[in-house]
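What follows is one structure encoded as structure tokens, with my remarks underneath.
Throughout, a chain's letter reflects where its sequence line sits, starting with A, and its residues are numbered from 1. All heavy atoms count here, side chains included; hydrogens, waters and symmetry mates do not.
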Amino acid sequence: MLYNRLYILLLAFLFAACSKDKTESLFGEKPEERLEEAMKEYKATLTGSAYGWKTAVYPAAGGGYAFYFKFGTNDRVTMYSDVTLDAATDGLESTYRLKAVQRPSILFDTYSYLHLLSDPDPNVYGGATGQGYAIDFEYSIDEVSADTIKLTGIANNTKMVLVKATQAEADAYAAGDFASLIDNAESYMAQNPWLYLEFSDGRKLQVSVNTFTKNFTLIYIDDAGQVQLLSTAYSYTLNGLYLKDPITYNGNTFHEVFWDPVKEVFYVTVNGQRVEVKVSPSSVVPAHRLLGVDFSSLIVPPQALPGWSADFTTIYSTAANAIRTGPYRLTLYYTEFAFDVAQGIMNVDVYVIQNNTLYLAEYPFTYTKTAAGVFKFTGQTFGGNAGLIATEMKPLLDYIRNDRFTMDFLVDSQEGKLAQLKSVERPTFFFSGYPQ
Amino acid sequence: MKQMQIKLLMVFIFLGSLMACSKDDKIDSVNIPGLGGETWQKGPLDFWLDSVFTKPYNIEVKYRFERYELTLDKTLVPVMESKVQPVMSSIQKTWIAPYIAEAGETFFKTYCQKQFVLVGSPQFNSNNTITLGTAEGGRKIVLFWLNDFVLTDKPFVKEMLHTIHHEFAHILHQTIMYPVEYKRISTGYTGSWNDYTLDEALERGFITQYARSAPDEDFVEMISTMLVEGKDGYEAIIAEAPDDAQAKFRQKEEIVVRYFMENYNIDFYRLQTRVQDAIDNL
């Protein structure tokens, strides 16, 4: 009986063994076949855009950088970028490949302009040591539509949207129009640092463009007398500045700041209307209102800057000489007038070098400021290094202790925008520094 | 008996059907993307690398970035295409050619690393140092910071070649160990080698600061320094050391030269001259 059951089992195996494993895919094809097809399709789409693709990436730490890519079927890509003026002028060829990693991905696998933003070596293009700007150069493909490809960076989740470029755009990049626009626009901004927009309510909105950090800001004083900022990152396009996020002021929204190469002005388009960015002879929002907003200290180097009076130059250089020939043999590195607006504190930080080591002598002050922007500084107790050179620094510090000061901006063709402090009581004493 | 026959028949049918029901699909009709490794359209650079490295010595040069060949928690960038040929050409002239001239092709093909991975940036470490090169299991060598490679910057070039010779020497001593008395010549091996100056290292008979990290490193640093700096350069370095340290260097030098001759039949001083000439003529 037992054996009979065994043989029935064996017979059952016989039938079972002969049934073919017919698992059919819900998608009709095997995964590797679908993957292969998808890869071919993506390659065709990328290389099929005869005039290339344009995009911009926005590092988490701020700023925006534009790129133009032309992908070849030979796994080589030509690019232009606004990362440097040279990158906007000269197309650079490097390589790429499409690979099926977790998802079909585009890998920019030899060095190009894009990699400047990923380079961990800060000597190459700045950025954090060991990190760069945390921008990716390996992207997985999320979505492909008629003229757009959406990608996400693999290591840092950088978002990239490739938009098909037109023939006119491709020709413009090749002709150097991109570099010309950047050059002209930045020269204009350097020569005309005080720009503003004015909409229907008549309020002047100061336009502040930081071409180093690639940031665009509108600064104005609201009805309550508070300083307001509307800020976003930007990158350059063939038409001007493209803002990462649209800016809205009082119902007026714009996403781009166009450059008019003929009239040589900037303008925005709101509800189909062209609103030009106008030039102001001085800062629209007063310098003292921007303290703590746009900058919070003045860096005064040992060598003379434009905007130093003869009196200041003499006193400052005498102090520098005195500490150098004095018992400590100190070389003046720079002096920082560091404001903490919230606390009403201003520290005169004198940085000196002795035997290749940097030291700080700090003279704290509290201060008050009138609505019209007149500063009054009150010296506080100091010690340590500050005490050791107090005598040498006294002539300079006495002015700070005793006089009232106004603050202004001053623009120099070489040094750019400087902030200037002027004594009210003794108008022959004034000096400038780099606003930071 | 009949029952037995039926049972036997059943067993046979069962076994037979198992073999009859074989699946048709053959493995090579399945096309898995990426199965053969990285693919791209080859260009002049690829053909050059194939002809100089891959065909003669079976060395693969990975210049296109492959994320999984490198440490995953470091930010690294690819090498510039334009640097690949100068870098690899220098390596061929100052490492491959001298060893083959002195020791023969078979020796070189047996021991060389089969994979070079090229990286554009340095690798930044958390202890404020950067890594210039790593080697794994005698098989793979990763070279960093190649985007700053310029033939006329001799110190930079020598640093890179130092790494190659250093890693190759590791393969040699991991195959045939050097005499154990080498480890007793100097004292003061330490893991925090980068806290000490070069002078402090030389005083103890260590040719470089890194040599101080372990006896194996000491051995390969002696070899790579002697080769890359050449006889004159090496003599100049040890001349900086105090007399008792100089004696240690001479002892180490003697062991190295003997090691190469006894185990690989290589005249080390001739090898040194060849490497030096190659570097000078880059």
Side-chain angles (χ1 to χ4, degrees), chain A residues 3-4 6-8 10-21 30-33 35-36 38-39 72-76 92-101 104 107-112 114-124 127-132 134 137-138 154-156, chain B residues 3-4 6-7 9-11 13-25 30-35 38-43 45-46 62-68 72-84 118-126 128 130 144-148:
Chain A
Y3 288 129
N4 279 338
L6 264 174
Y7 291 125
I8 291 170
L10 274 175
L11 198 64
F13 273 127
L14 175 114
F15 291 120
C18 268
S19 60
K20 231 183 161 178
D21 195 14
K30 295 191 196 137
E32 57 270 19
E33 286 167 1
L35 190 53
E36 177 108 23
M39 296 290 286
T73 49
N74 58 354
D75 292 333
R76 300 186 72 81
L92 180 68
E93 212 186 72
S94 60
T95 63
Y96 77 99
R97 62 183 198 276
L98 270 172
K99 185 174 176 179
V101 273
L107 314 177
F108 291 92
D109 56 8
T110 52
Y111 207 77
S112 69
L114 180 61
H115 296 88
L116 288 172
L117 299 175
S118 316
D119 204 315
D121 188 344
N123 297 319
V124 173
T129 305
Q131 263 185 42
F137 54 91
E138 299 190 322
I154 296 178
N156 296 305
Chain B
Q3 252 213 334
M4 190 63 174
I6 294 173
K7 286 168 199 168
L9 192 63
M10 302 265 260
V11 171
I13 294 172
F14 160 63
L15 284 170
S17 65
L18 274 181
M19 293 189 291
C21 285
S22 55
K23 265 210 137 150
D24 285 331
D25 265 345
V30 173
N31 187 6
I32 299 176
L35 188 59
E38 304 301 309
T39 53
W40 60 81
Q41 189 143 71
K42 294 197 175 211
L45 180 59
D46 302 288
K62 294 195 171 193
Y63 67 94
R64 290 208 185 199
F65 200 77
E66 279 181 49
R67 197 63 196 84
Y68 293 98
L72 290 178
D73 67 346
K74 299 285 180 202
T75 303
L76 299 164
V77 286
V79 68
M80 283 184 217
E81 235 192 324
S82 54
K83 300 285 182 186
V84 178
L118 308 183
V119 180
S121 63
Q123 178 171 287
F124 289 83
N125 305 314
S126 50
N128 273 334
I130 51 171
F144 297 93
W145 209 3
L146 295 177
N147 282 346
D148 278 3

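Taking all atoms of both residues into account, the shortest heavy-atom contact from B:Q41 to A:N74 is OE1-CA, 2.8 Å. Scanning both residues, B:W40 and A:R97, for their nearest heavy atoms gives CE3-CD, 4.1 Å. Closest non-hydrogen pair, B:E81 versus A:R76, comes out as OE1-NH2, 2.8 Å. Nearest heavy atom pair, residue A:D121 against residue B:D148, reads OD2-OD2, 4.4 Å. In this structure, B:F124 and A:P120 approach most closely via the heavy-atom pair CE1-O, 3.3 Å.
For the pair A:K99 and B:R67, the minimum side-chain heavy-atom distance is 4.5 Å or more. In this structure, B:N147 and A:Y111 have side chains that are in contact, with non-hydrogen atoms separated by less than 4.5 Å.
Considering OG1 of A:T95 and OH of B:Y63, their distance stands at 6.0 Å, rounded to 0.5 Å. Note that the CG atom of A:D109 and the CD atom of B:E66 stand 9.0 Å from one another [nearest 0.5 Å].
For B:S126, no part lies under 4.5 angstrom from a heavy atom of chain A. Neither the backbone nor the side chain of B:Y68 comes within contact range of chain A, judged by heavy atoms closer than 4.5 Å. For A:S118, the parts sitting under 4.5 Å from any heavy atom of chain B are the backbone and the side chain alike.
Legend: residues meeting side chain to side chain contact (heavy atoms under 4.5 Å, CB included) with B:S82, ordered by chain and number and at least two apart, are B:M80. Every residue meeting the ring pair (Phe, Tyr, Trp, His ring centres under 6.0 Å) condition with B:F65, not counting sequence neighbours, appears here in chain and number order: A:F137.
Note: B:V77 leads B:V79, B:V77, B:I130 in heavy-atom pairs under 4.5 Å with chain A. Between chain B and the options A:D119, A:L98, A:I154, the largest number of non-hydrogen pairs under 4.5 Å is found for A:D119. Taking chain A as the reference chain and counting heavy-atom pairs below 4.5 Å, the highest number among B:K74, B:E38, B:Q123 is found for B:E38.
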